[in-house]
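This report refers to the structure that appears directly beneath it.
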Amino acid sequence: MKTQRNAELGLLAFAMVLVAAYGAIVEANQFDRVTSTFWVPAALLSVLFLGLHVVVRYTAPYADPVLIPAVALINGLGVGFLRRLDLARAIANKEPEPGFFAGTGGRQLAWTLGALILAAVLLLVIRDHKVVSRYAYTLGLVGIVLVMIPAVLPSSLSEINGAKLWIRVGSFSIQPGEFAKLALVSFFAYYLVRKREVLSLASRRVLGIDFPRGRDLGPVVTVWLLSLLVLVFEKDLGTALLYFGLFVVTLYVATERASWLIIGLLLFFGGVYIAYLLGASIGGPFANFYDRAEVWLEPFATENYDRVGGSYQLVQGLLALGTGGLFGSGPGAGSPGFVPEVRTDFIFAGMGEEIGLFGLSALLVVYLLIVERGLRAGLAVRDSFGKLVAGGLAFTLGLQVFVILGGITGLIPLTGQTTPFLSAGGSSLMANWLLIAMLLRISNAARGPAASGGGVDRPGGPKKAPTQLHGAMTEVIKP
C-alpha cells in the first residue's frame with residue numbers, strides 16, 4: 001500500500017515556492033526592487049514544515065498527503081503578509097528593514113515553530129486516536145473550564161475589543177477557547193457514540209421529518225444554555241455559534257436526523273433574538289451584544305461609526321475589500337494599515353485589498369480543501385469515535401472561517417475569532433495545528449491497514465458505528 005509521502009513532499013515544495021513568490025512581489029512593490037534575501041522566510045518555513053513531514057513519514061505514513069501542504073501554504077502566506085506589514089511600518093517610520101525574527105512576522109514565525117513542535121509531539125504520543133476516548137469526560141471538563149475562565153476573570157485580564165475571550169498577564173495573552181474546542185470535540189464524539197441509539201429515536205413525523213422525543217432534548221438544551229452564557233458573559237457571538245454549531249452538527253452526523261439541525265437552528269437564533277431584545281430593553285450583560293447587532297445592521301450610520309467600539313473597523317474592512325476589486329492592488333501595493341486589527345481579526349480584509357476577490361476565493365478554496373479532506377478521513381475511518389472526531393474537527397475549522405469572514409463582510413455581527421493559520425497569534429496557531437495533527441492521525445487510520453489503528457471499535461471502547469453514521473457523513477461532503 002502506497003503511503004504517498006513523496007507526493008506530500010512535492011506539494012509542500014510547491015506551496016513554499018508560492019510563499020517565496022509572494023514575498024518577492026511584496027518587496028518589489030515596497031522597495032521597487034527585490035532584495036537578495038527575499039527567499040529567507042520561505043526557506044525557514046520550509047525547514048520547519050520539512051521537520052513535521054519527516055515526523056509524519058515515521059509516525060503516520062498513510063496520512064492524507066494534502067493536509068500539511070495546504071495548511072503550510074496558508075500559514076506561510078500569513079507570515080508573509082505580517083512581515084509585509086512590518087516592512088510598511090519600517091518604511092513609514094524611516095527605520096531600517098526589520099530582521100526576519102523581528103516584528104509581528106518574526107513572532108508568527110516563532111509561533112509556527114512552537115505549533116509544529118506541539119503537532120509533532122501529538123503524533124509521537126498518540127499512535128491510535130481511539131486512545132483519546134478513554135479521557136473523554138476529563139477532556140469535556142477541561143473544555144468547559146477553558147471556555148468559562150475568561151468569563152469569570154475581571155475585564156482588565158480578559159477583555160480585548162469588547163470580547164472577553166482572553167487570559168492576559170502583562171504582555172502575555174492566551175485565548176483558552178482555541179484549545180477548548182479540541183477537548184469538546186472529543187467529549188461530544190464519545191458522548192454521542194454512547195447515546196446515539198437513544199438520540200436517534202423519533203416521537204413523531206412532521207412534513208416527512210422525524211423529530212426526537214421531548215425527553216431526549218436535554219443534551220441539546222444544556223449546550224444551548226452554555227452557548228448563551230458564552231454569548232452574554234464573554235460578549236461574543238462567534239464563540240457561542242462555534243460551540244453550539246459543533247455539537248449540533250456532530251449530533252446530526254451521529255444520528256442522521258435532520259430534525260436536530262432544525263431544532264438547533266431554532267434554538268440558537270431564538271436565543272440570539274431574545275438576547276437582542278433584552279439588550280434593547282434592560283441592557284446589563286446583554287448590552288454589548290445589542291450594540292454589536294446595531295453596528296452590524298447600520299454600519300454606515302453616523303452614531304455607530306463615531307462611537308467607541310462602533311462600526312469604524314467594519315467600515316474600513318468593507319472599504320478595503322471594495323478597493324481590492326476582482327484582482328487587488330497586488331501584494332505589498334495596498335494600504336492595509338488603515339484597517340484596525342488587520343493583523344488579527346481583519347487580516348482577510350487587509351489581504352483582500354491586495355489579492356482581490358479572485359485571490360481570496362483561491363484562499364477559501366484551500367480552506368475548503370482542508371475541510372473536505374478532514375470529512376473524507378471521517379468517512380473512511382472504521383470506528384465511530386474517529387468518524388465523529390474527524391467530522392467535528394473539520395466542521396469546526398470550516399465554521400470558524402465562516403464566522404470570521406461573515407463578520408468582516410457584514411453577513412453576521414463582528415466576532416473575536418481569529419482566522420485559522422493566517423492571523424497573528426500563538427493560541428490560534430498552536431490549537432489549529434493540533435487539530436491538523438489529529439486529522440493526520442485519523443486519516444492514517446482511515447487510509448492504512450488495520451494495524452495502523454484503523455480497525456473497528458475494540459471491546460470496551462465505543463460501539464461499532466451503524467450504517468447510518470456512514471450515510472450522514474456522506475451527506476455532509478456530498479456536492
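Each residue takes its place number in the sequence, starting with 1. Bear in mind the structure is a predicted one, so any value in this text is a computation, not a measurement.
Defined by atom type and a distance below 3.5 Å, a donor-acceptor pair is missing between the side-chain atoms of N444 and H129. Using modelled atom types, one finds a donor on one side chain and an acceptor on the other under 3.5 Å when comparing T418 with S428. Side-chain contact of R343 with Q108: a donor-acceptor pair under 3.5 Å is absent, judged by distance alone.
Between Y367 and F421, the ring centre distance reaches or exceeds 6.0 Å.
The salt bridge (Lys or Arg N to Asp or Glu O under 4.0 Å) search around E353 returns none, not counting sequence neighbours. Taking the ring pair (Phe, Tyr, Trp, His ring centres under 6.0 Å) definition, one finds that F179 meets it with nothing, sequence neighbours left out. T59 is linked by a side-chain hydrogen bond (donor to acceptor under 3.5 Å, both in side chains) to nothing, counting only residues two or more places apart in sequence or in another chain. Residues satisfying the ring pair (Phe, Tyr, Trp, His ring centres under 6.0 Å) criterion with F338, sequence neighbours excluded, are absent altogether. Partners of R373 under the salt bridge (Lys or Arg N to Asp or Glu O under 4.0 Å) rule, at least two apart in sequence or in another chain, are D64.
No side-chain heavy atom of I442 sits less than 4.5 Å from a side-chain heavy atom of L440. Taking the side chain as every heavy atom from C-beta outward, Y243 and L226 never approach each other to under 4.5 Å. In this structure, the side chains of L242 and L246 stay at 4.5 Å or more apart for every pair of heavy atoms. With contacts defined as side-chain heavy-atom distances shorter than 4.5 Å, the pair P65/R447 qualifies.
The two atoms that bring T104 and A424 nearest to each other are CG2-CB, 3.8 Å, heavy atoms only. Considering every non-hydrogen atom in both A349 and I408, the closest pair reads CB-CG2, 4.0 Å. Looking at every heavy atom in both residues, L182 comes nearest to A431 through CD1-O, 3.4 Å.
Listed by first and then second residue, the salt bridge (Lys or Arg N to Asp or Glu O under 4.0 Å) pairs that reach into residues 174-189 are E178-K181, sequence neighbours excluded.
Aromatic ring orientation, F289 versus Y276: perpendicular (interplanar angle above 60°, classes split at 30° and 60°).
Put simply, the residue from I355, L422, V342 that forms a side-chain contact (heavy atoms from CB on, under 4.5 Å) with F81 is V342.
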